[in-house]
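A, B, ... follow the sequence lines: proteins, then strands. Residue 1 opens every chain. All values below were derived from every heavy atom in this structure, side-chain atoms included, with hydrogens, water molecules and symmetry-related copies excluded.
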Number of protein chains: 2
Amino acid sequence: MKFEQNRAEERHGRILDAALKVFARKGYRDSSVDDIAGQSATSKGGVYFHFPGKQAIFLALMDRAASRLLDRVEAVIAQESAPVARAEAALHVVLRTFARHRALARLFLIEAYGAGREFHARLMEFHELFIGVIRRHLDDAVAAGVIEPVDTELAGRIWFGALNEIITYWLLTGRPGPLEDSYASLRPLLFRSVGADMPPPRGAAGAKGTP
Amino acid sequence: MKFEQNRAEERHGRILDAALKVFARKGYRDSSVDDIAGQSATSKGGVYFHFPGKQAIFLALMDRAASRLLDRVEAVIAQESAPVARAEAALHVVLRTFARHRALARLFLIEAYGAGREFHARLMEFHELFIGVIRRHLDDAVAAGVIEPVDTELAGRIWFGALNEIITYWLLTGRPGPLEDSYASLRPLLFRSVGADMPPPRGAAGAKGTP
DNA sequence: CAAAAGCGACCGACCTGTCAGTCGCTTTTA
DNA sequence: TAAAAGCGACTGACAGGTCGGTCGCTTTTG
């Protein structure tokens, strides 16, 4: 029984891996279930044994990818204690992960729009999820008096949107070469927007810059 | 001959209007040329007489919409003299225009991604166009010493991305009810990001707000 | 051997782009 | 000015092709 489960799970995962590759290369609409079957070294029937349809594959893929990404985010956040540093770490790991996994980035930032109306609601949920993470730590920072009391939901949305645009531009044009280079110049702009003059790279909480 | 030309132009425009409606309602991929023909009260053949194909209709639509939007932007910019006020005016008119024309917003911010790879390059050109407008006025502001010397291209991209996320969220969820309500809280965040403490609503350059 | 898993030919729905032909306005002709 | 000829604009049936999903059959598993 465990063997069966493992086997089934392994196949399930292999189909998702294949789907990610195919979707990232051809886009959702231009990918056929046959493509996915081929890429996963199975057959169309096999795919339909594990998933009820093409949409379901895409949704499952988004769910899996989002939960993995969120896990990473939570992991690096746990290593920081100051709220601002946590928000910064969350931001940084998202940028880094997408930089290392273009296919993932394509899926979330581009293909999800073209996959049809049905996915838009889900996509927005994911946006809200990440905005929520940022927001929560900004709230903490406000409570700690490290940054000014701003509309943290809006600020989170702005940060997310900024990242989104930068990564999307990078995905579609390849510029800047190493995506993470953006972060150094991005950081002061974002933090200034919430009134944190310029936090030190790590650890210690706010040092007011006003003389 | 003149009659025919007017007639042809009128038809051309009517097809574009219809296409905007249809694309906004059903998305690019789920819209058929027959849909557009029906909505524009012509026939499929008629559509193909004026445009070489579905793609071309979408591209023409983007071009027309972008140039109209840019015209509006330039118009309001011309009414301001201070660079910061101009950047602000540009931002505001884009927000306002999209708020008033959901279909247009859908086209640029959502459907363009799903319309296929061929459109991505063009879409990025449009992004760059608007980012360029913002950037230019931020450059002026830096030159005038009104804001701090920041990476204005990145700042423009951040502003654009922030707007993008806010409008997209509004498009897909309907929140906040009146989109323009966001602007009041958005403004200070964006301007603080480039080191302009908090410019007064109109005209005069930076007045320090610190008590 | 029975059930689970996998296979791939096939079906039906749909959609883009084509094309031979029609219609109505304009220009030419007498 | 009235008929004839010409032409751009338009029509809709149809060809050609794609693709999601199905189903009967085979292989694997325990």
Next on the checklist: Just to be sure I understand the rule, does A:S31 reach a base, reach only the sugar-phosphate, or reach nothing, if contact means heavy atoms closer than 4.0 Å?
Outcome noted: sugar-phosphate

Next on the checklist: How many whole angstroms separate atom CZ of B:F51 from atom C1' of C:dT16?
Outcome noted: 16 Å

Item to check | Salt-bridge present (B:D35, B:K21; N to O < 4.0 Å) | outcome: no

Next on the checklist: Counting only heavy atoms not in B:R14 (residues, nucleotides, ligands), do more than 12 fall under 6.0 Å from its CZ?
Outcome noted: yes

Item to check | Minimum-distance nucleotide (side-chain atoms of A:H50 versus D:dG21, C:dT18, C:dG6) | outcome: C:dG6

Item to check | Taking every non-hydrogen atom, the tightest pair across B:I77 and B:A90 | outcome: CD1-CB, 4.0 Å

Next on the checklist: Rounded to whole Å, how long is the line connecting atom CG of A:D30 with atom P of C:dC15?
Outcome noted: 15 Å

Next on the checklist: Strictly below 4.0 Å: does B:R11 bring a side-chain N or O up to OP1 or OP2 of D:dC10?
Outcome noted: yes

Checklist entry - Which part of the nucleic acid does A:K54 contact within heavy-atom distance under 4.0 Å: base, sugar-phosphate only, or nothing? => result sugar-phosphate

Item to check | Separation of atom OH in A:Y48 from atom P in D:dT22, rounded to whole Å | outcome: 7 Å

Checklist entry - In whole Å, what is the span from the NZ atom of B:K44 to the C1' atom of C:dC14? => result 10 Å

Checklist outcome for this item: Nearest-nucleotide check on DNA chain C, A:S43 vs A:D34; residue mapping nearer the 5' end is A:S43

Item to check | Closest nucleotide among D:dG8, C:dC15, D:dG21 to the B:F49 side chain | outcome: D:dG8

Next on the checklist: If I take atom CD in residue B:Q55 and atom P in nucleotide C:dC15, what distance separates them, rounded to the nearest angstrom?
Outcome noted: 17 Å

Next on the checklist: Measure NZ/B:K26 against C1'/C:dC14 and give the value in whole Å, please.
Outcome noted: 11 Å

Checklist entry - What is the distance, rounded to the nearest whole Å, between atom CD1 of A:I36 and atom C1' of C:dG8? => result 17 Å

Item to check | Interatomic distance where CZ belongs to B:R29 and C1' belongs to D:dG20 [whole Å] | outcome: 15 Å

Checklist outcome for this item: In B:L91, B:L163, B:L69, the residue satisfying side-chain contact (heavy atoms from CB on, under 4.5 Å) with B:F130 is B:L69

Next on the checklist: Looking at every heavy atom in both B:K54 and B:Y28, which two are closest together, and how far apart are they?
Outcome noted: NZ-O, 3.0 Å

